[in-house]
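Labels below follow one simple rule: chain letters A, B, ... track the order of the sequence lines, proteins then strands, and each chain is numbered from 1.
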Amino acid sequence: MITGERPVAVEPGAEQAVPGLRPAAIRRPRGSPLRAPYWLMTPSLALLAVVVFLPMAIAFYISFTGLNEYTIGDWLHAPFVGLKHYVDSLAPSGAFSSSLFTSVRASVAFSLLTTVAITPIGVGAALLLNGPVRGRGVFRGLMLLPYVIPTFVNAILWRLVFMNGTGLADQLMAALHLGSRETFWLIGPRSLWALVIADVWAAWPFIYIMTLAGLQTIPAELYDAASMDGARGLRTFWHVTLPLIRGTLGLAVVLSTINHFNNFTLPFVMFGSSPPDQVNVLPLNIYVNSFITFNFGLGAAMSVVALFIMLTPAVIYLRAARVGESD
Amino acid sequence: MGVAAPARPVRAVRRSPNGAGRFLLALGYAAFVLLPVVYMVLVSLQDAVTAGDVVVPRQVHWQTFAEMWQTVDLGTYLRNSLLIAALTGVVASVLALGAGYVVARFRFRFRNAFRVSLLATHTVPGVLLLLPLFVIYVIIQHALSVRIVGTYFGVVLTYMTFALPFSIWLLSVYIASLPGEIEEQALVDGATRFDVLRHVTFPLAVPGMVVTFVFSFLLAWNDVLFASVLTSPATRTIGVGLQYYLAENQLPLWNQLMAASIVSAVPAVVLFMVVQRWIVAGLASGSLKG
């Protein structure tokens, strides 16, 4: 099917090909069909340069300039302001923008609270549905539903749930005598909880999927052995299950922390472009500074700060994914 | 267990302890998942006056699903989203096949740095790249007198930022797991590298490409951030367009918004369910195996 379609003169280097040896193990002369076809990477590399690497470099540059709606037409000549934005962003809340500090606090609180809440929920579901349960197949599929519903739909749904007085949250609380029907969720201090609850509902299946994938790699013999040694329930979990899924679970937790931290859609659709301080997370604040008040330099400076905050979880993530260790 | 342990017969079939308890717990999870979804469906079946004020509709108002198409240009938004998401999926998967193949089969300088950077892009906040991308597009527009901002091309190009690194990573892992002997035999028989890629590697890599297609499709379908800045009214996507049910009307049409939300979630849910097994395997292997 391949041969003969386009016969090529076999070059001297090709004849020495050792069967079973990977082509890359041998240095190939230029032009040999066994040489690495780097041109196959060129389109991807060129594209990545334009849409990833170049924008990152430009973001750093913009963060040191006074780029705004008036200077955007000639952005290369925007006044250089040095670290001004980094200092400005630490200033107390103004009328239009929360300070960087408020946003960092909101972002960290949001991503940590959510991750802490979803981990036991996700692991619990995975343990439950890894074992025998009637109707397991149906349950396994159903659990994924919140995860596959688009984030913007999720955000709209929870915005309605948390509507003051009429939303499901207030109606349920009133019916169960847990609180007033006039509880405000979308403004004021409760907004953080509204955001966390919405994201917990949407994100826990990620921990569940990853844990379930990890659990399915554990051979049943290990459980039989543990069972014969008299281990039961929690002890089996702590001493057999957890050590074996630690890698997968750790990766899932780090990844989900990163995802919550970078989540723009959920807070934006739930709270709009003038959110309460408690949910004015970094991505939202950066967006407002860049595209609502057109203070591009400040927005870029804040996103550089966001990138540096992400550095620690990112390094943990890359180590957990064990990239570069093998081959 | 002491002395009693050896006397216990070894169970051939694992008995399910607390079968009823486990089932109840699973039902609890199901209720947790379904409660908001059922609420969404119930509100979508209410009439405009009571929508959002009550939980259970007094009278089922099916008309919502017909009315919603007139309030905002829902059809156009859905079509734009389908087109953009499908294009993103195809372009990312095809480009990533070439790059993933090279990464899987060859050792070259900076190979590991490249692989690390593929995963690292996952941690970059999208909002960091949005403004510079906008600036780059404006510069290219001025230099070449073409339109990028507001076109399908511009949006698809932008989604490569996150779709392409993941796709290259996943396909490189996938191709590395395929045997290389057939490729080598074909090369020795005189096929070119492109022939091999097209006729040997590609057919074998299709399952991996299905996963990268779906992942990229969902990434594009779910985006609001880039689409809110880089689309024009003619290319507006569903994620941005849905919000007009609240913005363009004085009275918020919650029933229509919920109905339109359900409709816009369907392609994502269906697509995911179809390839669920592959995605789950891909998630686990793509991020775990080097």
Side-chain angles (χ1 to χ4, degrees), chain A residues 1-3 6-8 17 24 33-34 36-37 40-41 43-44 47 51-52 55 58-59 75 125 128 132-134 139 142 145-146 148-153 156-157 160 166 168 171 209 213 230 251 258 262 264-265 283 286-287 290-291 296 303 306-307 310 314 318 321-326, chain B residues 1 5 16 22-23 25-26 29-30 33 36 39-40 52-53 55 95 98-99 101-102 106-108 112 115-116 119 121 123 125 127-129 131-133 135 160-161 164 168 186-193 195 199-200 222 224-225 229 239 254 257 261 265 268-269 272 280 283-284 287 290:
Chain A
M1 139 181 152
I2 324 129
T3 51
R6 201 179 307 169
V8 201
L34 291 185
L40 285 171
M41 289 181 79
S44 293
L47 215 52
V51 297
V52 181
I58 293 179
W75 70 284
L128 180 69
V133 177
R134 214 175 330 140
F139 283 123
L142 192 62
L145 192 59
V148 295
I149 289 179
T151 310
F152 56 83
V153 169
I156 290 168
L157 164 62
L160 176 62
T166 56
L168 184 64
Q171 298 214 26
I209 300 175
L251 185 70
I258 293 171
N262 287 339
F264 165 80
T265 307
I286 294 166
Y287 182 86
S290 302
F291 296 101
F296 300 123
S303 44
L307 192 67
M310 275 296 89
L318 292 175
R322 284 189 299 235
V323 55
E325 212 174 81
S326 61
Chain B
M1 289 307 278
S16 73
R22 298 180 68 100
F23 183 66
L25 197 56
Y29 268 103
V33 165
Y39 180 56
M40 179 157 68
D53 293 350
V55 176
L95 289 182
Y101 177 75
V102 177
F106 301 94
R107 307 286 169 269
F108 49 90
N112 260 332
R115 291 167 77 233
V116 170
L119 283 191
T121 51
T123 65
V127 71
L128 169 83
L129 299 173
L131 174 67
L133 279 170
V135 171
M160 289 305 130
T161 309
L164 196 52
I168 296 175
L187 286 171
V188 172
D189 288 349
T192 65
R193 188 58 80 172
D195 288 334
H199 297 289
V200 182
N222 291 344
V224 171
L225 174 65
V229 173
W254 284 109
L257 180 56
S261 295
V269 173
F272 189 94
V280 173
L283 270 178
S287 40

Within-4.5 Å side-chain heavy-atom neighbours: [X] and [Y]:
X        : Y        : value
A/Ile156 : B/Leu257 : yes
B/Tyr39  : A/Leu160 : yes
A/Pro37  : B/Phe106 : yes

Quiz prompt | Winner by heavy-atom pair count (cut-off under 4.5 Å) against chain A, out of B/Val33, B/Leu129, B/Val224 | solution = B/Val33
Quiz item: B/Ala30, B/Pro36, B/Gly239, B/Ala99: which one forms the most heavy-atom pairs within less than 4.5 Å of chain A?
Solution: B/Pro36
Quiz item: chain B heavy atoms under 4.5 Å from A/Leu47: which part of the residue, side chain, backbone, both or neither?
Solution: side chain
Exercise. Pick whichever of A/Ala306, A/Pro43, A/Ala59 has the most heavy-atom pairs under 4.5 Å with chain B.
Key: A/Ala59
Exercise. Could you tell me which of A/Leu128, A/Val153, A/Leu142, A/Ile258 has the largest number of non-hydrogen atom pairs under 4.5 Å with chain B?
Key: A/Leu128
Practice problem: Go through A/Ile286 and B/Leu128 one step at a time and tell me if the side chain to side chain contact (heavy atoms under 4.5 Å, CB included) criterion holds. | Solution: CA-CA 8 Å; A/Ile286 294 166; B/Leu128 169 83; over 6 Å; no
Practice problem: Could you tell me whether a side-chain N or O of A/Arg134 sits under 3.5 Å from a main-chain N or O of B/Phe23, the two making a donor and an acceptor? | Solution: no
Quiz item: How many angstroms lie between atom CG of A/Asn262 and atom OG1 of B/Thr123, to the nearest 0.5 angstrom?
Solution: 7.5 Å
Self-check item: Reported CZ-to-CD1 distance for the pair B/Phe272 and A/Ile149, which is rounded to 0.5 angstrom
Solution: 12.0 Å
What part of [X] is in contact with chain A, defined as an atom under 4.5 angstrom from a non-hydrogen atom: side chain, backbone, both or neither?
X        : result
B/Tyr101 : side chain
B/Thr121 : side chain
B/Leu131 : both

Identify the two heavy atoms, one from [X] and one from [Y], that lie closest to each other, and give their separation to 0.1 Å.
X        : Y        : answer
B/Ala26  : A/Val133 : CB-CG1, 4.0 Å
B/Asn222 : A/Pro150 : OD1-CB, 3.2 Å
A/Leu318 : B/Leu119 : CD2-CB, 3.5 Å

Practice problem: Could you tell me which residues satisfy ring-ring contact (aromatic ring centres under 6.0 Å, His included) with A/Tyr287, sequence neighbours excluded, listed by chain and number? | Solution: A/Phe264, A/Phe268, A/Phe291
Quiz item: Step by step, would you call A/Leu157 with B/Ser261 a side chain to side chain contact (heavy atoms under 4.5 Å, CB included)?
Solution: CA-CA 8 Å; A/Leu157 164 62; B/Ser261 295; over 6 Å; no
